Amino acid sequence: MSVDYLRVSITNRCNLRCVYCHPLSNCGFKEHRDILSFDEIHRIVRIFTRCGIRKVRLTGGEPLLRKNIVQLVRELSVIDGIKELSITTNGIFLEPLAEELKAAGLQRVNISVDSIERGSYKRITGFDLLPGVTKGIYKAIEAGLTPVRINSVIIKGLNDSEEQILALAGMSVHLPVAVRFIEYCPTSKYTKPASDYLPNKEVRAIIEDKYGPLSSVVMAHSNGPALYFKVRDSAGAIGFISSRSSTFCFSCSRLRLTSDGKLMPCLYSAHTYDLKRLILNGASDRQIRELLNRIISEKSNYTKLNSFKEEFSMCKVGG
Ligand code: SAM
């Protein structure tokens, strides 16, 4: 599998406290000087394109919290070799930014929405901000940041009722969005226990009970682990990312860069490469490129089955 996809966390700050991600208010937020500057991000992405990276996704923390995000998008979107530039966001600041981001060269957006029931959204995220997120979804569609994808993590006892799952799936019937159910991955003693995860086969059964058998579809720009389906005559699609109940390491084409500049060959890898330190120590583009080529050639050595990291924080890694 060729490695052509880089996820860049541009901040580990977040304006939500999702129970499955980082429920405590302090998850070791970094000072500005410790995170990658725009120049460093630009340089790393540019060098990466020389090593085969074609798709870049900005994430966080919450990427729309990063000051001058539109400028960063504008600078990254014109790098030769980048074919796809996208963002994963909680959508809170999307409504005012969607058009500017699109004009700056952003192509697509994934929006995290774990419930479209206001009380439940607040219980999961800690904040009563669903109405603004909903406006952000409509604005993203209108601005052409498409196909818009909605990411939902289902947690037992919080948003696993038939009613809530069907309400999320129902968005794909009426709106041109792909609603993706992501299996919860336990990451630390502060997040929900592993037993609170609901396998996607149970989510699918609830949806098929109401809508009948889902038919498989191929989605444009879909190259990751999601499998896509459609409810008959629906405007959008339903995706399943079954990261707990299945293993897709051997088709993994992605690398992750944390906001403080550590490159992770695998989500579960305890071993990271400190690119920020390399840059601060004066490494040349050629030296960085050689390291990246080595990491890429060794990537298949890292899998969920042999990479052990005891605890990690998704808000640092970027999901
Ligand atoms: N703040 C942005 C957002 O909310 O989309 C980007 C960062 S967030 C860490 C990226 C993605 O990771 C979100 O879709 C979130 O649902 C997912 N995520 C976070 N913690 C997770 C966990 N423990 N298991 C599965 N997915 C998780």
Side-chain angles (χ1 to χ4, degrees), residues 5 7-24 27-29 35 56-66 69 86-94 97 101 106 108-116 120-121 124-127 129-130 132-133 136-137 140 145 148-156 158-160 168 177-200 203 224-226 239-246 248 254 256-259 264 267-268 304 309-319:
Y5 177 28
R7 293 175 70 98
V8 185
S9 171
I10 58 171
T11 175
N12 72 345
R13 291 173 192 258
C14 192
N15 41 357
L16 295 181
R17 297 287 174 266
C18 299
V19 288
Y20 58 83
C21 187
H22 68 123
L24 304 179
C27 84
F29 287 142
I35 62 173
V56 172
R57 173 172 296 279
L58 304 180
T59 176
E62 171 47 40
L64 300 190
L65 283 182
R66 182 86 188 245
I69 171 76
S86 55
I87 279 187
T88 295
T89 169
N90 58 32
I92 290 163
F93 291 127
L94 194 53
L97 283 172
L101 286 167
L106 189 73
R108 293 190 296 105
V109 72
N110 288 5
I111 307 168
S112 302
V113 188
D114 302 312
S115 175
I116 55 168
S120 166
Y121 181 90
I124 295 170
T125 64
F127 294 88
L129 294 171
L130 182 62
V133 176
I137 296 173
L145 291 168
V148 170
R149 293 172 179 164
I150 307 295
N151 287 344
S152 307
V153 178
I154 303 298
I155 306 280
K156 276 190 186 158
L158 278 176
N159 57 349
D160 65 331
L168 283 165
V177 297
V179 177
R180 310 186 321 162
F181 293 94
I182 303 177
E183 287 180 346
Y184 166 59
C185 157
T187 55
S188 83
K189 59 177 175 287
Y190 304 112
T191 56
K192 301 297 266 174
S195 53
D196 282 359
Y197 121 93
L198 189 72
N200 266 339
V203 176
F240 295 104
I241 302 183
S242 307
S243 10
R244 282 288 296 295
S245 59
S246 56
F248 24 72
R254 62 186 62 184
R256 292 176 166 84
L257 184 63
T258 63
S259 54
M264 301 177 69
L267 178 61
Y268 298 93
K304 181 165 124 178
K309 194 166 189 175
E310 291 204 338
E311 290 208 336
F312 63 99
S313 152
M314 282 288 194
C315 74
K316 283 187 186 156
V317 173

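Start at 1 and go down the list; that is how both ligands and their atoms are numbered. Note that the structure is a prediction, hence the values are computed from the model and not measured.
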Review point. What atoms of ligand 1 come within less than 4.0 Å of a heavy atom belonging to Glu62?
Key: 1 (N), 2 (C)

Study note, to complete from the structure: Within the 4.0 Å heavy-atom cut-off, what Thr88 brings close to ligand 1 is both

Practice item. Would you mind listing which atoms of ligand 1 come within a distance below 4.0 Å of any non-hydrogen atom of Ser112? Key: 3 (C), 4 (O), 5 (O), 13 (C), 14 (O)

Practice item. Answer whether the closest heavy-atom distance between the side chains of Ser243 and Tyr197 falls below 4.5 Å. Key: no

Check your understanding: Between Thr89 and ligand 1, which residue portion shows a heavy-atom distance shorter than 4.0 Å: side chain, backbone, both, or neither?
Key -> backbone

Revision key, fill the gap. So the atoms of ligand 1 within less than 4.0 Å of a heavy atom of Gly61 turn out to be 1 (N), 2 (C), 6 (C), 7 (C)

Check your understanding: Closest non-hydrogen protein atom to atom 22 (C) of ligand 1, residue and atom name please, with distance?
Key -> Cys185 O, 3.6 Å

Exercise for review: State whether a side-chain donor-acceptor pair under 3.5 Å links Tyr5 with Arg57.
Suggested key: yes

**Study point:** Those atoms of ligand 1 less than 4.0 Å from some heavy atom in Glu183
**Key:** 25 (C)

Check your understanding: In terms of atom number and element, which parts of ligand 1 are under 4.0 angstrom from non-hydrogen atoms of Val153?
Key -> 16 (O), 26 (N)

Check your understanding: Which residue supplies the protein heavy atom nearest to atom 9 (C) of ligand 1, what is that atom called, and how far is it?
Key -> Met314 O, 3.5 Å

Point to revise | For atom 18 (N) of ligand 1, the protein heavy atom that lies nearest, with its residue and separation | key: Tyr20 CE1, 3.8 Å

Practice item. May I have the step-by-step check of side-chain contact (heavy atoms from CB on, under 4.5 Å) for Ile124 and Leu16, ending in yes or no? Key: CA-CA 9 Å; Ile124 295 170; Leu16 295 181; over 6 Å; no

Review point. What is the closest protein heavy atom to atom 11 (C) of ligand 1, and at what distance does it sit?
Key: Gly319 CA, 4.0 Å

Practice item. For ligand 1, note which part of Asn90 has a heavy atom under 4.0 Å away: side chain, backbone, both or neither. Key: both

Practice item. Report yes if some heavy atom in the side chain of His22 is under 4.5 Å from a heavy atom in the side chain of Asn12; otherwise report no. Key: no

Check your understanding: Considering only heavy atoms from C-beta outward, does the side chain of Asn110 approach that of Thr59 to under 4.5 Å?
Key -> no

Check your understanding: Got the closest protein heavy atom to atom 10 (C) of ligand 1, with its distance?
Key -> Gly318 O, 3.7 Å

**Study point:** Glu62 backbone acceptor or donor facing Asn90 side chain under 3.5 Å
**Key:** no

Exercise for review: Would you confirm whether Asn159, through its side chain, and Asp114, through its main-chain N or O, come within 3.5 Å as a donor-acceptor pair?
Suggested key: yes

Study note, to complete from the structure: Residue set satisfying side chain to side chain contact (heavy atoms under 4.5 Å, CB included) with Asp160, at least two apart, ordered chain then number -> Ile154, Lys156, Leu198

Check your understanding: Is there a donor-acceptor contact under 3.5 Å linking the side chains of Tyr20 and Asp196?
Key -> no

Exercise for review: Give the numbers and elements of all ligand 1 atoms closer than 4.0 Å to a heavy atom of Thr59.
Suggested key: 6 (C), 7 (C)

